[in-house]
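Quick notes on the structure that follows.
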Amino acid sequence: MDVLPAFLSHLGNERRMAVKTVEAYGSDLAIFFGFLRGHLGAEPTLKALARLKARDIRAYLAARRRDGLSDASIARLLSSIKALYRWLGRAHGIENAEIGYLQGPRRTPRLPRPVSIEAAKDILHEAETEPDAEPWVAARDVAVLSLLYGGGLRISEALGLTGAHVPAPERLRVTGKGGKVRIVPLIAPVREAIDDYARICPYALTRSGALFRGVKGGPLSPRIIQARMQMLRGILGLPETATPHALRHAFATHLLGNGADLRAIQTLLGHASLSTTQVYTAVDSSRLREVHAAAHPRA
């Protein structure tokens with residue numbers, strides 16, 4: 001049995017994980033299986049995987065550490081191996097308690113880096129008034145960036161919209177990671193930005209065709225929006241962390257700072273787990289500490 005393809009098929013077809021996630025698992029485990037071929041002197045079969053010891057996994061992780069991998073990358077590799085063994089247990093009755101109890105390096109959680117409210121407004125204003133851009137291109141970029149900041153969409157979700165979303169609805173049906181569907185309310189400025197763009201776009205926006213177009217009429221590439229954000233942050237003097245995804249972070253952080261419920265933010269962002277959304281509470285707490293330290297007379 002070819003173990004790795006079967007496991008990846010399980011992730012994609014049964015677990016319905018996003019394509020990029022399955023590819024990441026595949027990349028990690030392909031290197032692991034390559035190590036095992038040399039380490040065991042043979043192809044890693046089900047029986048061989050069942051007999052692996054914790055020391056074998058540690059030898060692999062140590063080899064990757066010597067390749068220069070960080071703690072976060074090592075932890076991710078171990079997580080991929082454990083996921084494989086959980087599947088082996090369910091699908092083939094292979095239990096390997098030694099590997100289940102292995103602990104990876106502690107990872108310091110990376111907090112999201114949202115832009116400020118003022119910076120978000122400046123980004124949208126600068127995109128709208130960019131003198132070198134054609135009016136429809138400027139309107140397009142404002143519409144996309146408005147969806148990220150005003151609707152909390154991922155850039156892939158925004159660029160996945162079609163002409164069927166014109167005129168812009170008050171409640172937008174979004175297909176996110178893993179094919180999960182959620183409903184996102186669109187505030188008036190976001191709807192107006194989309195409709196303004198659609199009104200002057202020089203290409204026919206069909207119901208099944210991409211809503212956002214490149215200058216030659218094809219679907220808009222994420223790289224174009226990333227490049228536009230790079231230009232805008234250069235003009236505004238913002239840090240390199242001011243990326244398109246930072247606008248999605250800002251959407252969540254600013255909602256939380258203004259009293260929104262964490263569960264509601266989870267739903268709006270399309271997070272499968274509340275723990276993923278909870279990182280924004282740490283961001284908000286950090287901001288409050290900074291304000292307190294700057295403003296308190298005894299700070």
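Just so it is clear, the structure is predicted and the values come from calculations on it, not from any experiment.
- A donor-acceptor contact shorter than 3.5 Å is absent between the side chain of Asp2 and the backbone of Pro5.
- By the rule that hydrophobic residues join a cluster once side-chain heavy atoms approach within less than 4.5 Å of another member, Leu247 and Ile265 end up as members of separate clusters.
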Steps toward side chain to side chain contact (heavy atoms under 4.5 Å, CB included) verdict (Phe251, Leu148): CA-CA 8 Å; Phe251 166 82; Leu148 307 187; over 6 Å; no
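- Shown here for Tyr25 and Ala83, the closest heavy-atom pair between the two residues is CE2-CB, 3.8 Å.
- Proximity of a side-chain donor or acceptor of Thr129 to a complementary backbone N or O of His125 within less than 3.5 Å is detected.
- Using the six-membered ring where Trp is involved, Trp87 and His92 have ring planes that are perpendicular, over 60° apart on the 30 and 60° scheme.
- Between the side chain of Asp195 and the backbone N or O of Ala168, at least one donor-acceptor pair lies under 3.5 Å.
- Residues Lys177 and Lys20 form no side-chain contact, since every pair of their non-hydrogen atoms from C-beta on lies 4.5 Å or further apart.
- For Arg182 (side chain) and Leu268 (main-chain N/O), a donor-acceptor pair under 3.5 Å exists by modelled atom type.
- For Leu40 against Ala48, the heavy-atom pair with the smallest separation is CD1-CB, 4.0 Å.
- The minimum heavy-atom distance linking Pro44 with Leu36 is given by the pair CB-CD1, 4.0 Å.
- Rounding to the nearest 0.5 Å places CG of Leu238 at 7.5 Å from CG of Asp122.
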Working for side chain to side chain contact (heavy atoms under 4.5 Å, CB included), residues Leu29 and Ser80: CA-CA 7 Å; Leu29 291 172; Ser80 297; 4.2 Å; yes
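- Judged by distance alone, with hydrogens and angles left aside, the side-chain atoms of Tyr197 form no donor-acceptor pair with the main-chain N or O of Asp141 at under 3.5 Å.
- Closest non-hydrogen pair, Tyr85 versus Leu49, comes out as OH-O, 2.7 Å.
- The shortest heavy-atom contact between Arg140 and Ile224 is NH2-CG2, 3.7 Å.
- Two residues are said to be in side-chain contact when any heavy atoms from C-beta on lie closer than 4.5 Å; Leu77 and Leu61 meet this criterion.
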Trace of the side chain to side chain contact (heavy atoms under 4.5 Å, CB included) decision for Val184 with Arg171: CA-CA 6 Å; Val184 176; Arg171 292 162 58 84; over 6 Å; no
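- Here Phe7 contributes atom CZ and Phe33 contributes atom CZ; the two are 9.0 Å apart, rounded to the nearest 0.5 Å.
- Here the closest non-hydrogen pair linking Thr162 and Ser208 is CG2-O, 4.1 Å.
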Trace of the salt bridge (charged side-chain N to carboxylate O under 4.0 Å, His left out) decision for Arg76 with Asp71: CA-CA 9 Å; Arg76 190 195 70 204; Asp71 283 351; over 6 Å; no
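- Residue Arg207 holds its CZ atom at 12.0 Å from CG of Leu205, rounded to the nearest 0.5 Å.
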Trace of the side-chain hydrogen bond (donor to acceptor under 3.5 Å, both in side chains) decision for Gln266 with Arg263: CA-CA 5 Å; Gln266 176 193 1; Arg263 284 283 184 188; 3.2 Å; yes
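- At a threshold of 4.5 Å between non-hydrogen side-chain atoms, the residues Trp136 and Pro202 count as touching.
- Using a cutoff of 4.0 Å between basic side-chain nitrogens and carboxylate oxygens, Arg199 and Asp196 are scored as salt-bridged.
- Side-chain contact between Arg65 and Leu69 is absent, with no heavy atoms from C-beta onward closer than 4.5 Å.
- With respect to the salt-bridge test (charged N to carboxylate O, under 4.0 angstrom), the residues Glu126 and Arg233 do not qualify.
- Taking hydrophobic clusters as Ile, Leu, Val, Met, Phe, Trp and Tyr residues chained together by side-chain heavy-atom distances below 4.5 Å, Leu145 does not share a cluster with Leu255.
- Atom CZ of Arg15 has 12 or fewer neighbouring heavy atoms from other residues, nucleotides or ligands inside a 6.0 Å radius.
- Ile81 places a side-chain heavy atom less than 4.5 Å from the side chain of Ile57.
- The number of heavy atoms from other shown groups lying within 6.0 Å of CZ (Arg90) is above 12.
- Clustering ILVMFWY residues whenever any of their side-chain heavy atoms sit less than 4.5 angstrom apart, transitively, puts Leu256 in a cluster other than the one holding Leu153.
- Side-chain contact between Leu124 and Ser146: present, with at least one pair of heavy atoms (C-beta onward) separated by less than 4.5 Å.
- A donor-acceptor pair is defined here as one N or O able to donate and one able to accept, closer than 3.5 Å; such a pair exists between the side chain of Arg191 and the backbone of Leu186.
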Working for side chain to side chain contact (heavy atoms under 4.5 Å, CB included), residues Ile183 and Leu172: CA-CA 6 Å; Ile183 303 298; Leu172 181 67; over 6 Å; no
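- The aromatic rings of Tyr149 and His254 sit perpendicular to each other, their planes meeting at more than 60°, with 30° as the lower class boundary.
- Between the Arg248 side chain and the Leu269 main chain, a donor and an acceptor come within less than 3.5 Å of each other.
- Between His245 and His249, the two ring planes are perpendicular [angle over 60°; tilted spans 30° to 60°].
- Between Asp28 and Arg64, no side-chain nitrogen of the basic residue sits less than 4.0 Å from a carboxylate oxygen of the acidic one, so the salt-bridge criterion is not met.
- Connection of Val190 to Ile117 is established within a shared hydrophobic cluster, with ILVMFWY side chains joined at heavy-atom distances below 4.5 Å, either directly or through further cluster members.
- With Val137 as the partner, the side-chain contact (heavy atoms from CB on, under 4.5 Å) test is satisfied by one option alone out of Val215, Ile200, Val142: Val215.
- One N or O on the side chain of Asp56 and one on the backbone of Lys53 form a donor-acceptor pair closer than 3.5 Å.
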